[in-house]
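Taking it in order: structure first as structure tokens, then the write-up.
Worth knowing before you read on, the calculation uses all heavy atoms, side chains too, and leaves out hydrogens, waters and symmetry mates. Everything quoted here is computed from the prediction, not taken from an experiment.
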Amino acid sequence: MDSKNYKEGQSIQQPPLFEANCFIYWKTRFETYVKSKDIDLWHIIVHGNYKPTIQKEGKVEIIPYEKNKESHKKMISKNDEAKMVLYNVLPKKEYERIFMCDTAKDIWNSLIITHQGNKQVKDNKIDLFIQIYEEFSISNDETLDYAFARFNTIITSLKALDEFFLSRNHVRKFLRALPTKWRPKVTTIEESKDLSTLPLDELISNLKVYEVVLEKDSEISNSKKEKYKSLAFKARKVLSEEETSFSDSEDEEYAMAIRDFNKFFRRK
């Protein structure tokens with residue numbers, strides 16, 4: 001493996017560095033990264049430290065460390081491992097904010113409250129994105145790729161705020177948002193596909209084929225318009241020249257009449 005490929009492979013192994021300005025984006029990527037590496041670490045980050053317990057006389061007691069099995073000790077060590085994963089992605093400024101936190105869960109909750117807000121702030125954000133979702137529409141001159149990117153951003157933001165919509169809702173919503181020129185294609189899809197099981201990616205692929213047809217029709221239509229404009233311009237130019245010629249002829253006849261009158265008057 002050459003050095004370039006090694007560096008690329010190495011960067012894939014590193015957790016995504018913290019981004020305060022794009023917290024929701026970072027949060028989703030960080031969660032995916034940790035889960036892909038060790039699902040136990042993510043459980044500790046979300047639910048708190050692993051503590052081996054035992055049922056004794058109807059009460060739950062934490063087992064002293066020295067009495068734990070080796071498997072339990074390994075799980076206990078993951079508590080610090082989870083904290084280290086978070087430390088490794090945070091800049092100094094963020095570390096100064098959370099260095100007093102005892103557990104990975106405390107660190108995670110502190111980051112969420114600081115950058116995503118408490119429950120009230122979170123609910124307000126959810127309401128805002130739901131409104132944006134419901135009002136989503138696609139303009140006539142907007143490309144399918146750009147529209148899908150906007151739509152996907154809204155979905156991702158809602159998902160990051162733990163507000164999920166069923167996939168079939170996305171499919172129906174996107175179809176309803178398309179401009180009138182897409183109506184024939186939308187009708188065909190609604191009649192031939194089961195929208196409750198149609199993946200959103202498959203819908204977009206299907207629509208992209210029709211987008212090419214619309215673009216060709218638009219090019220032909222614009223070409224015809226340009227042709228008609230050219231013919232109209234030429235027609236106006238010919239009429240203008242004929243009117244000018246007619247006007248010059250009238251002026252010449254008038255001048256000749258005046259000259260004849262003056263000659264007749266002098267003879268008298």
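Remark: the backbone N or O of Y25 is not paired with any side-chain donor or acceptor of E19 at under 3.5 angstrom. Of the possible polar contacts, none joining the K105 side chain to the I44 backbone as a donor-acceptor pair under 3.5 Å is found. Looking at K125, its side chain does come within 3.5 Å of a backbone N or O of Q116 through a donor-acceptor pair. Judged by distance alone, with hydrogens and angles left aside, the side-chain atoms of K185 form no donor-acceptor pair with the main-chain N or O of L207 at under 3.5 Å. S110 contributes no side-chain N or O that, together with a main-chain N or O of D106, makes up a donor-acceptor pair within less than 3.5 Å.
Other residues, nucleotides and ligands contribute over 12 non-hydrogen atoms within 6.0 Å of the CG atom of D194. The number of heavy-atom neighbours closer than 6.0 Å to NZ of K51, taken from other residues, nucleotides and ligands shown, is 12 or below.
In this structure, the side chains of E31 and V46 stay at 4.5 Å or more apart for every pair of heavy atoms. At least one side-chain heavy atom of L111 sits under 4.5 Å from a side-chain heavy atom of L90. Contact check for I138 versus Y146: no side-chain heavy atoms found under the 4.5 Å cut-off.
Here the straight-line distance linking atom CD of E81 with atom NZ of K74 works out to 12.0 Å at 0.5 Å rounding.
Note: the hydrophobic cluster containing L17 does not contain Y33 (ILVMFWY, side chain heavy atoms under 4.5 Å, direct or indirect links).
Smallest separation of non-hydrogen atoms from K83 and D102: NZ-O, 3.1 Å. Across all their heavy atoms, Y50 and N79 have their closest contact at N-OD1, 2.8 Å. The minimum heavy-atom distance between A20 and H115, with the atom names listed, is CB-CE1, 3.8 Å.
Taking F174 as the reference, F151 meet the ring pair (Phe, Tyr, Trp, His ring centres under 6.0 Å) condition, with sequence neighbours excluded. For the salt bridge (charged side-chain N to carboxylate O under 4.0 Å, His left out) test, residues two or more places apart in sequence or in another chain that qualify with R150 are E142. Residues meeting the salt bridge (charged side-chain N to carboxylate O under 4.0 Å, His left out) test with E202, sequence neighbours left out: K193.
W26 and F23 have tilted rings, their planes meeting at an angle from 30° to 60° on a 0 to 90° scale. Below 30°, between 30° and 60°, or above 60°: for W108 and W42 the angle between ring planes is above 60°, a perpendicular geometry.
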F30/L86 under side-chain contact (heavy atoms from CB on, under 4.5 Å): CA gap, chis, key distance, verdict: CA-CA 9 Å; F30 179 77; L86 285 163; 3.5 Å; yes

